[in-house]
Amino acid sequence: MSISKRSCLFGLVFLILAVSGPASADVGPTYAIKNAKIVPVTGPAIDKGVLIIRNGLIEAIGPVDKVTIPEDAEVIEAEGLIAYPGLISAHTNLLLEAPRAETSQGSPEFIAPAAAPQDRPSETPELCAFKLLKPTKAAIDSFLKIGVTTVLVAPNRGIIQGQSVLLNLNGEKAEPMVLKNPVALHINFTSARGTYPSSLMGTIAFLRQSFLDADYYAACQAQYQKVLKGMKRPEYDPFLEALVPYVKEKKPVIFQCNNLEDIKRALKIIDEFKLNALISHANEAWRDAAVLKKTPIPLLVTLDFRPPNSSRYVNQGEDLRKKAEAEIYPANAANLAKEGIKFALTTFGLNDGAAVLKNIQAAIKAGLSKEEALKALTIQPAQYLGLVQQLGSLEPGKIANVILTKGELFDEKTRVDKVFVDGVLWKF
Amino acid sequence: MNKTITNLLTSAIVLALIAPPAFSAEGSILIKNGTILTVTKGVMVKGDILVINGVIKQIGENIPAPEGIKVIDASGKYVIPGLIDSHTHIALAGTNEGSEAITPEADVGEVVNADDVSILTALSGGVTMVHTMHGSSNPIGGPNVVLKMKWGKPSEELIVHEALRTLKFALGENVKQSSRTITVGGPPPRYPQTRMGTNAIIRREMLKARVYMEEWDRYNKLKASKTPPKNLLPPRKDLRMEVLSDLLRGKIVARCHDYQATEALEFMGLAKEFGFKVQALEHTWEAYKIADELAAAKVGISVFADSWAYKMEAAEGIAYDAGYCAKKGVLVSINSDSGERIRRLFNEAGKSMKYGGLTENEALSLITINPAIQLGVEKIVGSLEVGKQGDIAIFNEHPMSAYTRCEMTIIEGDIYFDRAEYLKDREEADKKAQAPKKGGRP
Amino acid sequence: MTKRMFLVCVIMGLTAGWISAQAQPAKVIAIRGAKIIPVVGDDIEGGTIIIKDGKIEAVGKDVAIPSGAEVVEAKGLCAYPGMIDGYSFLGLQEISGVSATVDNRETGRINPQVRAIEALRYDSMHIPIARSNGITAALVAPTGGLISGQSTLIKLDGWTNREMVIKSQAAMQIEFPGIRGGRGGFGGMGRGGAVTADATRLIAELKELFKNARYYQKRKEFAAKNPAAAQPEFQETLEFILPVVRGELTVMISVHSDQDIKAAIQFVKDESLKAVFFGVEQGWKVADDLKKSNIPVIISSLYDMPPVWDDGYDSLFRNPGVLNKAGVKIAFSSVSASVAKDLPYHAAKAAAFGLDKKEALKAVTIYPAEIFGVDKIMGSLEKGKTANIVLSDGDILETRTNIKKVYIDGQETDMSNRYLELLEKFKKRG
């Protein structure tokens, strides 16, 4: 942002402050989007409406004849355009710094194999994705172009990977983007060669032992706080310390489930430790429909349709594998919808906006209705992330993440015309 | 058109109302006129087997077909119990927790993969049940699991809960990592690197488990006492030790990979020292050298037929191992340990007739009732008897003949492999492939 | 118990027999009363075989037994010609996982100069095991790389490697990309099917080599005729390829996928080679091409998964039957040392999946003999052939059948082997 613009904005800030009292230092412009069709998601569509954005929020919505356009508003003529809430991807690995090569300290010694699960080599529950953010305009443009304005960014290494941050894609500076931090603890059913655990079954045992240990650690600490005198203090452990809020205080845990079995594995652990959990990736969720129907655990279903290597659809010949990627996996969401299972869609595994859009279209072609797709990318993730007051629909008072499209959203010929993030018109 | 369908439907409903079937279509089957090799109750030259709701209801001649039941004509064919493979690693997402020497917390039952196509190859060889095991990279590996080869069913429906809980141990070249080259600057060698160390580390863990159990006992006693001490904290729960405690309490039995006579004897010694049960030894190429000790200790073996001399410790693994030990009174099973060999397990068992002089029925026992006993499921499978589960394989010739072929595999009354069906599908696919494509590229 | 005693007697008797046989090679033996399965010609119930000077003197129902002949009563037994393993590692591999005992794979990619016969361990523990299961001859092949070396055809008896030779240089072994996936998994052809690009490249490489060898030959000939001309610089690789390009030495091409098989057929034609194919797992897809080419096929071990799922679970099992019906000459192989004894069971497996039983037997006897060009002297029980005879108590391809006696070159062989030695040793424990 150039300096001259910034001073301009300051002028505006003063004006608004006088009216509405203390607010954030940086306040966006006022817009009146006029004559657009408005799809608020949570209510009926307005054929010819006005949407007022002020101060980063939606101030008003209504039919053209019912809403007065404020004097200070920049009027955006939107005849022939459709306004939707900005889309939300509730699980991504976007905008993260490329993983650093492990810097060896001194001699190139190998890490000695751990002696027990509690040794937890290279696991980082305390790691915050926020600290790894390295936003680039290209990456942000790629997602804004398809209407995604909000993303959950999670760390992506190891088993207990760390904690995610929820961002509005409003610029290249990390702090103003943050909607919530930390959001959730992220867990992936993976393993690495060489160190413990090196297998999936080891990973599962490791997770159980870690949760057990966190629980035990919390109990010991609590006991110590109670007596203080006459008890040896429990040794401080940053690994367990980071887990405690998720195990004891039931902050959300997101399990990345890479195939149908992972979902069942996660459900077992969630149940055992009474975690407040969400299930992500889940591209074989339809195969678990019977189990998922019985649980209220939120599903964050990826739009990445590459079948897992373990899948029966990839190990029985090339014809079936091709069909799986083109038809079977894209029908995941449609199948879930048919079973009455709720879900949010995510872009997990896809780093290119164009690919995401293509895959949304494939999911729709496979039977998902456009309305369901839209909800799964707006109000549903907002609910799951606990931000339903601020995000997920076009309602007065909510954050002004608004997209204007030429044509119906997700249609093949449709282009996103304008994107407002936090009430500011994005310049591609 | 619509009317006829409606009529048909109504009549079907009416029929159903008049005569509600005593069985569900799923899990019920009548196999007629086969030569039935029951394994435990002799041979019936021309007999029928009736399976109702997954369980064998009747074996005999001319069993009348309940209305609506699926009937299989097995004339000229051999009807045998579904084969059981006592040692495999199929249908898993990962086999070894190879990082550390002691990993009893790593349970293969947690990583069952019902999508593994090895299940199909097992079925194509008449195998209906497998003991799928932790790999052999650790002195103490992890718990194993017994599965039925129910292809297409969710993983949890494959698990056989009636089976004994088993824990995998391993000795010898694999755990001492004989085939691993230690490089300068590479990872340091893992303890143990000798057979001495292997036994020592198992003993160490057993001693640790004893202490762990005592700690919990003490805590539980204190907690239950009239005046429990203030601020009493339980010991830390350790999943590794939990599994070993279950072994020492007899809730889990040991299955141990070993090759040489010394290893086997010393492991049996450890079991005696700590009071755990060895259900069977795996591979045990030198079992014939200690057949009397095995028989006396009631320790079974699960071995290959003749695939030997692939490493030093298999250099004295003779094809007579299985047959000789069986004659000495050792409970012997033949295993595949492979997603390929599993489909010709019956050929492997047949070799014990030449090498060891077993009878047809004794040879067939090595892959039916014997493994069933080893897995603790002999009450439900392993032979064709009324009351057992309807796990059945049908072969075109005697299953111990080299010329035989599996025609059909049935689990709990449901057909999971049908060669005739398979051939029909293949023929259709071939026809389709040969038919000129309309409008397509040339 | 009686059986055990019998075995001990047989072993002891045979050892003695072996020594005396060595001393008097001109002995006449008459095997009497056996069911004779000559492979070529009809079976003979209660027939007699006369062995003289290591050769079959007569076979038939009413054959007079010469006076002084040693009579072997074989009533209730079957007499077969000894089986021939079309591809093995016998004598080159003892304990496959211990490199000190493995000699079948030279380092490098192009090794036409190495000869299996020169490394053959005559006293390999695997040879008596295979022999006592009725196998009397085997091709022993080097493996690996593009040109693996020269295989050798041996009989499974002899006190030195050279004593075992039937054909010291049987074939030049050439390998196209393999599909052998090892235990349990699908082969290395990948999900997409055949690897063709690699074969094309390898064929181009071979063609270049052969071209160079031919030119090398020309220059050598020229130098021989013109004392003034310089000799071409010695090139080991080309030197040892010469017998191949001259058409004197057969090439055995290890080839697996349908596309590669087609390419290999063309290659053999282009280069006018004397060729045998080995492996040929997808041969059933190109059976007619193979038939037209007249190239015989050594079937690889059937103890493997199909190369790709789409081939069907039984594709390796039915492949021999399909090829045989199409008129392709096939022979079976163990591709092993430690379980080379299983050769008959590969044939039986194929018979279970469509190969005619009689053809299955031929594919371990007369067909391999024809393929290796030794059918004049072995592969069937016919007058004038070497007396390689197996006496069994049943169908030789059946697992349960016991082999009672094995004659090689008319001499009864030692039926003892590592299995029996160890078994007998530990039986003594009681």
Side-chain angles (χ1 to χ4, degrees), chain B residues 89-90 117-118 120-121 123-125 173 178-179 261 286 288-292 306-312 314-321 324 336-344 347-357 360 363 396-397 400-405 417 419 422 426 429, chain C residues 3-4 93-98 100-101 125-126 129 133 181-186 302-306 309-310 312-314 316-317 336-339 341-342 344-349 351-354 357 360 395 397-403 417-423 425-427 429-430:
Chain B
H89 305 286
I90 66 168
V117 291
S118 294
L120 286 171
T121 61
L123 286 167
S124 75
E173 289 183 25
S178 303
S179 55
E286 297 185 0
Y288 64 96
K289 299 182 181 179
I290 51 166
D292 290 333
D306 59 6
S307 153
W308 71 313
Y310 43 90
K311 49 183 172 176
M312 207 54 224
E316 301 205 342
I318 62 174
Y320 290 90
D321 196 34
Y324 180 75
S336 76
D337 197 12
S338 139
E340 188 279 314
R341 201 183 284 122
I342 195 166
R343 65 210 190 117
R344 47 188 177 83
N347 292 143
E348 298 296 283
K351 288 172 176 172
S352 65
M353 295 176 68
K354 180 208 283 290
Y355 298 108
E360 279 177 349
N396 67 330
E397 297 202 21
M400 295 298 102
S401 162
Y403 293 115
T404 196
R405 180 178 71 221
F417 170 74
R419 183 165 161 82
Y422 169 83
R426 185 161 78 193
Chain C
K3 211 168 202 175
R4 241 182 263 167
Q93 198 181 64
E94 284 303 287
I95 312 287
S96 56
V98 179
T101 72
M125 64 179 175
H126 300 302
I129 290 173
N133 204 30
R183 291 197 306 176
F186 286 87
L302 302 192
Y303 297 170
D304 212 339
M305 294 300 277
W309 179 269
D310 293 328
Y313 85 97
D314 59 352
L316 291 196
F317 301 157
S336 174
S338 64
V339 282
K341 68 168 184 66
D342 274 13
Y345 316 141
H346 294 284
K349 194 84 188 160
F353 286 81
K357 280 188 186 180
D395 183 340
L397 302 188
E398 265 288 11
T399 357
R400 72 182 68 186
T401 296
N402 295 299
I403 307 300
N417 57 48
R418 188 75 180 134
Y419 286 172
L420 285 170
E421 280 164 23
L422 285 163
L423 182 71
K425 178 174 168 184
F426 285 91
K427 265 185 182 171
R429 279 195 80 192

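In the text below, chain A, chain B and the rest are named by the order of the sequence lines, each starting its count at 1. The analysis underlying the following values was restricted to heavy atoms, covering all of them including side chains, and did not include hydrogens, waters or symmetry mates.
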Within the side chain of B/Tyr422, is there an N or O that forms a donor-acceptor pair under 3.5 Å with the backbone of C/Tyr313?
-> yes
Without swapping roles, check the side chain of B/Lys354 against the backbone of C/Thr401 for a donor-acceptor pair under 3.5 Å.
-> yes
Does a salt bridge link B/Arg405 with C/Asp314, judged by any charged N lying under 4.0 Å from a carboxylate O?
-> no
Sub-4.5 Å side-chain heavy-atom contact between B/Lys351 and C/Asp342 = yes
Cut-off 4.5 Å, heavy atoms of chain B, and the answer for C/Lys425 is neither
Could you tell me which portion of C/Glu94 (side chain, backbone, both or neither) has an atom closer than 4.5 angstrom to a non-hydrogen atom of chain B?
-> backbone
Side-chain heavy-atom pair B/Leu120, C/Trp309 within 4.5 angstrom cut-off | yes
Please examine the side chains of B/Arg343 and C/Phe317, heavy atoms only from C-beta on, and report whether any two atoms are closer than 4.5 Å.
-> yes
Is it the backbone or the side chain of B/Asp292 that comes under 4.5 Å from a heavy atom of chain C, or both, or neither?
-> side chain
So which part of B/Glu397 gets closer than 4.5 Å to some heavy atom of chain C, the side chain, the backbone, both or neither?
-> side chain
Please look at C/Asn133 and chain B and tell me whether the side chain, the backbone, both or neither of the residue comes under 4.5 angstrom of a heavy atom of that chain.
-> side chain
Given that the side chain runs from C-beta out, which part of B/Thr404 has a heavy atom under 4.5 Å from chain C: side chain, backbone, both or neither?
-> backbone
Engaged part of B/Glu360 at the chain C interface, taking heavy atoms whose separation is under 4.5 Å | side chain
Stepwise, does the ring pair (Phe, Tyr, Trp, His ring centres under 6.0 Å) test hold for B/Tyr324 with C/Phe426?
-> CA-CA 10 Å; B/Tyr324 180 75; C/Phe426 285 91; 9.1 Å; no
